[in-house]
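Structure first, then comments.
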Amino acid sequence: MFVPDGANILHADLDAFFASVEQRDDPRLRGRPVIVGGGVVLAASYEAKARGVRTAMGGGRARMLCPDAIVVPPRMSAYSEASKAVYGVFGDMAPVVEGLSIDEAFLDVRGLEHITGTPAEIAVRLKREVLERVGLPITVGVARTKFLAKVASGVAKPDGLLVVPPEAELAFLHPLPIERLWGVGPATSAKLHLLGVATVRQVAELPEADLVSMLGRGVGRQLHALAHNRDPRRVRPRSRRRSIGAQHAMGRRPKSWHQIEVSLAALVERVTRRMRAAGRAGRTVVLRLRFDDFARVTRSHTMPYPTAQTQAILLTARALLATARPMIERRGLTLVGIAVTNLEDGSALQLELPFNRRSRDQLDAALDQVRDRYGSAAVIRAASLGRDQRSPPPLLPD
Amino acid sequence: MKIVCSQDQLLAKLQIAARGVSQRSTVQILSGILLNASGERIELSSTDMEISLRVPLEARVEEPGDVVLPGRLLLDIVRALPAADVTIAQPGGTGAAQIECGPSRYSLNTQNAEDFPQLPVPSGSSFSVDRAAFVDTVSHVGRAASKDESRPVLTGVLVELGEGTVTMAATDSYRLSVKESALPGATGDVQAIVPARALGEVVRISTGDSLEVSVQENQVLFGMDGVWLSARRIDGQFPNYKQLLPQTFEHEIAISKEELLDVIRRTSLMAQRNLPVRLSFEEGSLTLAAQTQDVGEARESLPVDFHGDRLEIGFNPDFLRDGVESVEGDTVRLKLISSLRPGLLQGEDGSFWYLIMPIRLPS
């Protein structure tokens, strides 16, 4: 018997994530406008949003709009820890979780009615668990499709819960402004407004051919489908990233071979630390070079076994750099980058013979611990002494 | 230059010389074989700068001279020729070479013999060792050498020659293989890291009872029935392998070699993409299991003399099979400490040992 799908996709989205973590950890910030990030606004609390502060806005403009805002520097490690904890709750609630970013995910809860509850009941429990276990507010939208679930959570924010039952979908969707449609950014929005199209209903009334000729094939078709409430995409766990890398732009002034090698070593340290934090190991090391004329080349080498060990990857990277030396000396170098690909789960890891009395893996683990606790610059290579020790931009977990 | 040689003789010698022809070098001359008929000895030479070969050829010289011919192509041509006399000539000593055999005629572009690299010649002390013992020692350890060029030292085999003995060690950093043998004829106290590939060629090419060995500053030369293979010695520090052998082990289990090999072969079919085969030891039994996600799994038990707490350890199936196959005799002695420490495979005596690092299993 054919059973039409019910509203069993949840879109869970943490509210003003970075700012909420700051308010959670510092009681003095609660109830007050908080801006995370001194330069560009990385996140704003709802109190600041109410005054017009938006993510990615320049810091000066944000302070003008909201002079009494408290500006705090970002603490990426706290956010990634909170994100991990929230994803832990997601995993407990649903068999299939598709992460979209550090602070939002789709959950598929079909078939759980007789086990843990209806989608609405699960959504209520999800909100309660995230608040109790992680201390953060989260908004959940529940619908039959991913698109509608996301729209629902957007409408319900902050700290909300909105269920769109299948029979009420069009009634919910059609009055919404076009900006709620996936794929409608400022440019598309402006084009549609010029034609007097402001609501989803009006989009739905346009023939697909008109939308395609106006907006291009991809966007036109997508908007037509969404406005007619067609979104067949399933919730599927996101495939994990395929490479982890870092690069260093070196400017155009001449640089010694030694300087290049030191930069490479610092990049390898950074990349391998991230790999170990993510529990990944890789087989292929890719060296990226950009010359004075901005032409780029890559050189790669595949090792027999995946590794996340700093020394092993550094040896390979150095060998690649050495083969490129004549080219670098001839053409000048303005950027060096390193990436490790062919990533595998680090969980089943081929161990190495302890050629040195203390293994390299133990050294890596010890250095990781020191840096996690005291910062990246707490332990550095002697060759990097006296060099700029600005910490690299904060990165979300891989 | 003009020589005449029987097709079977020429083919046999070219097959040896072609093994030294460079496969992918951008230096074109290295893809050639030098045919030298200007001196007393008629010789075919090839080199890829890591190993080089000098192969004597029995032929009738009608006009002395030397020429570099395209190596792979020449081999393919001679292989296709009928069993008859083959004439190779370069009239006037320049230009194309003519190859004739019965009604077949070839004209081949050549390169200048003067551009061919000078190959090492045996000099100083050389000695003659028992070929079978040498080859046997290489076969025990060669497979453990690394194929990863980014750590050159590990692509070599450490060869330590003593008075009447040889010890060879090879490791790719995941396993280590060491074999000590009596080697009648060996003298002195010599250590050299020799490319594993070169030793593999010695195993393949050599015939007869004895092998000439000449260790020089940068090269090691092996003489085999008139064929000389020289190998570039690898610079660097070979890992101190003796200190890697653990002093004591928690468990020592003797297993029938053939039986264990069969079980490894069967179960490892289900360990794809570098995945481990799991060895679970329980009172009186060993279970091997392997599984690959989205493919399936395999499991097989065999009775063994194991006592104590359950022990589970994962190994790369290829590494494990290499080790078991290298053990001499009918019984493998497997020594273990814990699931994260190296395991040791040995035969009935202590002359061979194969240390293998486990794969850390997901908990």
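Proteins come first, then strands; the chains are lettered A, B, ... in the order of their sequence lines, and each starts at number 1.
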- Does A:Glu329 CD have over 12 foreign heavy atoms under 6.0 Å away? yes
- Item | Nearest-0.5 Å distance that lies between atom CZ in B:Arg360 and atom CD in A:Gln350 | 11.0 Å
- Query: Quick check: are there more than 12 heavy atoms from other residues, nucleotides or ligands sitting under 6.0 Å from CE of B:Met49?
  - Reply: no
- Check the surroundings of atom CZ in B:Arg299: do more than 12 heavy atoms from other residues, nucleotides or ligands lie under 6.0 Å from it? no
- Query: So B:Leu176 and A:Phe355, side-chain contact (heavy atoms from CB on, under 4.5 Å) or not? Walk me through it.
  - Reply: CA-CA 11 Å; B:Leu176 164 76; A:Phe355 287 158; over 6 Å; no
- Task: Please lay out, stage by stage, how B:Asn316 and A:Tyr305 fare under the test side-chain hydrogen bond (donor to acceptor under 3.5 Å, both in side chains).
- Result: CA-CA 11 Å; B:Asn316 173 310; A:Tyr305 242 97; 2.7 Å; yes
- Any chance you could measure B:Ser146, atom OG, to A:Met303, atom CE, to the nearest 0.5 Å? 11.5 Å
- OG1 on A:Thr316 to CG on B:Asp148, rounded to 0.5 Å: 6.0 Å
- Note on the structure: In short, A:Leu353 meets B:Arg175 closest at the heavy-atom pair CD1-C, 3.7 Å
- Message: Heavy-atom pairs under 4.5 Å with chain A: which of B:Asn240, B:Ile359, B:Leu355, B:Ile356 has the most?
- Response: B:Ile359
- Can you tell me if CZ on A:Arg234 sees more than 12 non-hydrogen neighbours from other groups inside 6.0 Å? no
- Message: Heavy-atom cut-off 4.5 Å, strictly under: side chain, backbone, both or neither for B:Thr171 against chain A?
- Response: side chain
- Side-chain touch B:Arg341/A:Leu351, heavy atoms, less than 4.5 angstrom: no
- So does B:Asp349 have more than 12 non-hydrogen atoms from other groups sitting under 6.0 Å from CG? yes
- Message: Taking atom CG as the centre, does A:Asp293 end up with more than 12 heavy-atom neighbours from other residues, nucleotides or ligands that are less than 6.0 angstrom away?
- Response: yes
- Message: Can you confirm whether B:Glu252 is buried at CD, in the sense that more than 12 heavy atoms of other residues, nucleotides or ligands lie under 6.0 Å from that atom?
- Response: yes
- Message: Tell me if the CD atom of B:Glu300 is crowded by more than 12 foreign heavy atoms within 6.0 Å.
- Response: yes
- Bottom line for B:Leu275: the part with an atom under 4.5 Å from chain A's heavy atoms is neither
- Message: Tell me the closest heavy-atom pair linking A:Glu352 and B:Arg151, and the distance in Å.
- Response: OE1-NH1, 3.9 Å
- Segment of B:Phe319 engaging chain A (4.5 angstrom heavy-atom cut-off): side chain
